[in-house]
Number of protein chains: 2
Amino acid sequence: MVIDMNLSIESPLKRPDAPSIPQPSLRRLPQYHHYLVDLEAKGIGRVSCSTIGRDLNLVPIQVRKDLQYTGIIGKPKTGYSVTELILTIETFLGWNNVNEAFLVGAGNLGTALLGHERFSKFGLQIVAAFDSDPQKAGIWIHNKAVLPLDKLADLAQRMSIHLGIITAPAENAQTIADEMVKGGIQAIWNFAPVKLNVPAHIIVHNEDLYSSLASLSWKLARRFRVPIQEREAV
Amino acid sequence: MVIDMNLSIESPLKRPDAPSIPQPSLRRLPQYHHYLVDLEAKGIGRVSCSTIGRDLNLVPIQVRKDLQYTGIIGKPKTGYSVTELILTIETFLGWNNVNEAFLVGAGNLGTALLGHERFSKFGLQIVAAFDSDPQKAGIWIHNKAVLPLDKLADLAQRMSIHLGIITAPAENAQTIADEMVKGGIQAIWNFAPVKLNVPAHIIVHNEDLYSSLASLSWKLARRFRVPIQEREAV
DNA sequence: TAGATTGTTAATCGATTAACAATC
DNA sequence: TAGATTGTTAATCGATTAACAATC
């Protein structure tokens, strides 16, 4: 569910030697990871691309290509070491060096993310929440303090927080992003359905549920619209 | 943030005449919609691809291509009618014929989605929630009843619900999906980070936050790892 | 050794971008 | 009319898939 429109702006200075990986491959890695952790729990030591592909509904060659981006080396005939593969993926994705993050927008979605303990397994640690509504400042949600927005920039700087999460309404998102940039935040995970205007060096990742819903509802609507024998395409 | 791994299985029976649109275009449509609604509120009657592109950070030709999939017809020199474009996108995406949905998993994320009133503007109406934990059955969240999971299949059938949303933990997702299929649900919006095994005709849309987080944290980790002059690629 | 599976290079496919004629 | 912008067809670019040699 996710389109990162900021990605469409490519630098003309592309260098072939810089480490690179296609977006789709990057996004499949956590799925492999999840699957491999399951395998390891079952005591399985080695796995091949064909097995992974069968279980995850992907063609083996795609699995192999994806895994190769992480730098893992397999053994012909026996495949990859499950444990080694798990560690390689985790290291590759930077899940070892924890990202401490600030979250802004203590509404329904913000509350959900604050309570989502599993994020810590993926290298994400939400250390505090903020809200532009002064009424909300001072309360605690899932053991995390909710602070007024105007404290964000200063605190982010002092704590060297590099990641910001926006779960506020669309109207406030730009103001919040500005504060984050002011505080030296490098990457923004944006759940508000708007395009943020930020300096070019800031990484923005849009998590637009509406995009996703659009795609789903189009397919569903189409099902009741299109004659059955024409449904196969797309 | 979204990868639909089920999409990778293409039918060999592809017919060129069947209506079709690239996934990325489909996902950009809600963004155009959001932008256009803003324009309309400002009293702007017509808009060109270059203007949209400038404001949304996309190249004009891409905007034009995307809009053409909806069937809209513009006027050379003056562009498109804003109002007409909004309506065309809404119709195209099926936001007029409301999708009634069941949600399963009344945890943090489920609660957030149940409380998200704006979904109704995008044709989504969550009519009831379910949970496999019998303790949760009977409570109300954001004015929606939480029912035991074993009532789902029967109710879905009787109410002809076609859309199911899974916000339960990964462990329960498959069982829930099975119930949904049993109840005649056609499309599943899956927030659990697992691949669901469902019959081929069921539309599955995976909303995997971990995929998204992976991509973001890789980029962030990379920033602190890669020398500045090599950062430009990707 | 034979067979399975990896690693790598080439071919295909689909989305994006470019080019240009048509039209207001 | 001239210029801007659409609509359409062709070229490019990147991700996926195929082919095949290398290796355990």
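FYI, side chains are in, hydrogens and waters are out, and symmetry mates aren't considered; it's all heavy atoms of this structure. Lettering follows sequence order; numbering is per chain, from 1.
- Side-chain atoms of B/Arg27 do not come within 3.5 Å of backbone N or O of A/Ser211 as any donor-acceptor pair.
- Spacing between atom CD of A/Gln23 and atom P of D/dT16 amounts to 11 Å, rounded to whole angstrom units.
- Computed from coordinates, the B/Leu85 CG to D/dT6 C1' distance equals 13 Å when rounded to whole Å.
- Taking every heavy atom of both residues into account, B/His162 and B/Gly184 meet most closely at CD2-O, 4.4 Å.
- Separating the CG atom of B/Leu67 from the P atom of D/dT5 is a distance of 15 Å, rounded to the nearest angstrom.
- Considering only side-chain atoms of A/Ile61, the nucleotide from D/dA18, D/dT6, D/dT16 that sits closest is D/dA18.
- Near DNA chain D, meaning a heavy atom under 4.0 Å away, the residues from residues 72-81 of chain A are A/Lys75, A/Pro76, A/Lys77.
- Checked by atom type, the side-chain pair A/Arg46/A/Thr78 shows a donor-acceptor distance below 3.5 Å.
- Both B/Cys49 and B/Lys65 lie close to DNA chain D; mapped to their nearest nucleotides by heavy-atom distance, the more 5′-ward contact belongs to B/Cys49.
- The CG atom of B/Leu26 sits 14 Å away from the C1' atom of C/dA15 (whole-angstrom rounding).
- The nearest heavy atom of DNA chain C to B/Tyr69 and to B/Arg64 marks one nucleotide each, and the one closer to the 5' end goes with B/Tyr69.
- A/Gln68 places its CD atom 13 Å from the C1' atom of D/dA22, with the value rounded to the nearest Å.
- The backbone N or O of A/Ala192 lies less than 3.5 Å from a partner atom in the side chain of A/Asn190, making a donor-acceptor pair.
- The CG-C1' distance, from B/Leu56 to C/dT16, rounds to 17 Å in whole Å.
- For the side chain to side chain donor-acceptor pair (under 3.5 Å) test with A/His33, the passing option among A/Glu90, A/Lys121, A/Arg28 is A/Glu90; the others fail.
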For DNA chain D, what string of dots and brackets results from 5' to 3' when Watson-Crick and G-U pairs need both distances under 3.5 Å, crossing pairs get [ ], and pairs with another strand get |? ..||||||||||||||||||||||
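- Under the 3.5 Å distance criterion, with hydrogens and angles disregarded, a donor-acceptor pair is assigned to the side chains of A/Thr51 and A/Ser48.
- Separating the CG atom of B/Asp66 from the P atom of D/dG7 is a distance of 13 Å, rounded to the nearest angstrom.
- The phosphate of C/dT16 (OP1 or OP2) has a side-chain N or O of B/Arg28 nearer than 4.0 angstrom.
- Between the side chains of B/Asp178 and B/Gln174, at least one donor N or O lies within less than 3.5 Å of an accepting N or O.
- Atom pair A/Leu58:CG and D/dA18:P shows a separation of 13 Å (rounding to whole Å applied).
- Ring planes of A/Tyr210 and B/His116: tilted class, angle from 30 to 60°.
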Let me check something: any side-chain donor-acceptor pairs from residues 92-105 of chain B under 3.5 Å, sequence neighbours excluded? List them with distances.
| from | atom 1 | to | atom 2 | distance (Å) |
| --- | --- | --- | --- | --- |
| B/Trp95 | NE1 | B/Phe122 | O | 3.4 |
| B/Asn96 | ND2 | B/Thr91 | OG1 | 3.3 |

